[in-house]
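One structure is given here, and the rest of the page talks about it.
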There are 2 protein chains.
Amino acid sequence: MSLPAEFSLIARHFAPLAAAAGLGLTDDAAVFAPPPGRELVVTADAMVGGVHFLPDDPAGDIARKLLRVNLSDIAAMGAVPLGYLLTLSAPSGTPEAWFATFAAGLAQDQAEFGVHLFGGDTTSTPGPLSLSVTMFGHVAPGTAWRRGGARAGDDLWVTGTIGDGVLGLWALQGKRPDPDGSLAAQYRLPRPRLGLALHGIVSAAMDISDGLLQDAGHMARASGVAMQIELARVPLSPAGYAAGPDFVSSGIAGGDDYELLLAAPAARAPQLRAAADNVGVTVTKIGRCLGGEPGVICIDGDGNALPAGGGGWSHF
Amino acid sequence: MSLPAEFSLIARHFAPLAAAAGLGLTDDAAVFAPPPGRELVVTADAMVGGVHFLPDDPAGDIARKLLRVNLSDIAAMGAVPLGYLLTLSAPSGTPEAWFATFAAGLAQDQAEFGVHLFGGDTTSTPGPLSLSVTMFGHVAPGTAWRRGGARAGDDLWVTGTIGDGVLGLWALQGKRPDPDGSLAAQYRLPRPRLGLALHGIVSAAMDISDGLLQDAGHMARASGVAMQIELARVPLSPAGYAAGPDFVSSGIAGGDDYELLLAAPAARAPQLRAAADNVGVTVTKIGRCLGGEPGVICIDGDGNALPAGGGGWSHF
């Protein structure tokens with residue numbers, strides 16, 4: 001007895017990725033509960049061909065980035081990842097091999113990050129490949145990190161380096177040389193900053209997906225604080241420094257970094273550094289929170305505030 | 001201070017729909033737990049313009065159908081709906097009024113079905129409108145209905161009437177007269193069969209989204225039973241009967257009915273009917289489960305099996 005194409009596709013490529021909660025992907029829904037005594041953290045991000053990835057990106061990398069951008073939101077709440085649902089709308093005629101490579105990418109990052117597939121949906125589309133993941137994590141009740149907790153006097157920190165997402169995009173667009181492909185790899189495979197034991201240390205957290213400047217604005221408004229970012233302190237990768245003295249303004253405006261922006265009382269700095277060291281993540285203090293009108297002010301190397309509303313700063 | 005367009009769109013149209021768990025849609029993720037002592041049931045369905053709805057369908061009806069097809073999966077597991085995440089990829093230039101009407105449709109069905117928005121993502125797309133919902137429900141542990149529980153000797157039942165989805169599609173395509181718009185309304189606004197108290201009564205359940213015949217095949221394979229459907233017993237609406245004596249074969253092959261297919265031991269029939277009566281839902285016995293090769297056999301009015309593999313039966 002033959003099966004309709006959609007169902008045999010699911011059976012061949014996606015059923016092997018399923019958790020027990022996914023019921024073999026043959027029922028109408030998945031059934032699960034958070035671990036005893038834990039709350040669920042749940043986020044959904046969509047990715048569309050030509051918008052969030054390039055049409056000729058490898059299918060396995062598209063799958064892995066899709067999981068990673070969602071895992072970054074789980075990391076930003078201080079949660080432990082658990083599993084996900086996937087909806088996939090693919091152009092008719094997408095070859096079987098594409099699905100096999102896509103599923104292999106999912107399998108690779110499921111193993112790396114300890115998550116499983118709970119369920120989802122596959123459909124056709126007359127448009128570009130369109131993907132959506134809903135990712136679950138869990139936290140102790142009441143301990144999820146929020147954006148709105150930053151207070152005047154807190155220091156501002158970032159993990160890793162800023163601007164590698166935009167450098168990677170430029171490399172893939174042919175605007176930068178990338179002889180060893182490392183810039184493109186940063187764009188295609190961001191690294192979610194999971195595992196930082198910062199409960200009781202940070203007062204606010206979020207991931208940097210829309211650019212440091214824009215995302216700091218979100219945190220500033222949610223927290224009701226003014227934020228001062230010292231551009232000279234913003235950590236760049238070697239490629240970022242090599243991109244010239246003006247690169248930092250592109251780096252803080254560009255998206256796809258998937259580092260964490262953290263606010264923490266100054267007295268917590270040693271604990272913050274120790275927790276980051278424990279998982280091999282660098283953290284850098286880039287500024288502070290002040291009273292006053294919520295928003296973000298950037299300070300240049302001479303301590304002068306850069307004018308708001310000019311150049312790349314139009315949203316702030 | 002102005003906000004980027006995406007965020008002001010969310011604040012204006014979607015934040016008013018959010019549950020407390022959604023944290024005002026300003027954080028990276030939602031935080032929630034199932035009600036005490038309950039398991040979560042979770043499902044995701046995508047809908048794409050030109051595939052799952054017609055490009056000129058009213059935005060409010062698209063929103064409501066999106067919730068309803070997902071709520072139908074929650075109903076099919078015997079669960080109580082709780083809330084959902086939404087990802088929406090819209091063509092650039094989609095007018096503000098479209099989003100307002102779409103959100104009003106969500107609000108209307110949120111009130112009707114008792115669910116709230118937990119979070120999600122909005123993006124642009126170079127293709128057609130592309131939507132995905134992840135819907136949560138809850139059940140007492142271990143009581144979710146499954147597809148694989150049907151046993152030889154069980155009766156097969158359906159709720160409501162079969163074939164109204166395909167009649168509605170034909171009406172919208174101009175293939176059928178639809179003077180009062182009632183056929184189109186059935187296609188645009190299916191009714192999820194929530195609230196049936198059938199725990200301990202049904203041995204298997206699923207919703208009919210891909211057509212009764214195909215979905216019965218899924219249940220038959222999952223349960224390891226042969227199913228016999230008597231075509232003369234398949235309940236049609238007045239419009240279905242008016243469509244002529246051959247309509248039933250289109251009705252059982254067409255999709256978008258969103259009724260429930262149920263298997264139950266013959267001794268449970270009175271309880272099944274009583275539970276359906278309690279919520280004003282009709283149920284009709286359409287056949288039975290037998291031993292033998294898993295699959296579906298249709299019996300005509302004279303008791304003769306229709307040949308498999310011919311006409312619209314190719315998948316079976």
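Residue A205(A) touches chain B through its backbone alone, counting heavy-atom pairs closer than 4.5 Å. Heavy-atom distances place both the backbone and the side chain of L40(A) under 4.5 Å from chain B. Using a 4.5 Å cut-off between heavy atoms, H52(A) contacts chain B through its side chain alone, with no backbone atom that close. Interface remark: T125(A) contributes backbone and side-chain atoms alike to the contact with chain B (heavy atom separation under 4.5 Å). Residue A144(A) touches chain B through its side chain alone, counting heavy-atom pairs closer than 4.5 Å. Contacts of V41(A) with chain B are made by both backbone and side-chain atoms, with heavy-atom separations under 4.5 Å.
Closest approach of G49(A) and P126(B) over heavy atoms only: O-CG, 3.8 Å. For the residue pair V48(B) and S89(A), the shortest heavy atom distance occurs at CG2-OG, 3.4 Å.
In terms of heavy-atom pairs under 4.5 angstrom with chain B, the leader among A76(A), S124(A), P141(A), G50(A) is S124(A). By number of non-hydrogen pairs under 4.5 angstrom with chain B, the leading residue of V139(A), N70(A), L85(A), L86(A) is L85(A).
Rounding to the nearest 0.5 angstrom, the gap separating the CG atom in D45(A) from the OG1 atom in T123(B) is 9.5 Å.
In this structure a side-chain-to-backbone donor-acceptor pair under 3.5 Å is present from D121(B) to A46(A).
The residue from T134(A), L131(A), T87(A) that alone fulfils the side chain to side chain contact (heavy atoms under 4.5 Å, CB included) condition with S132(B) is T87(A).
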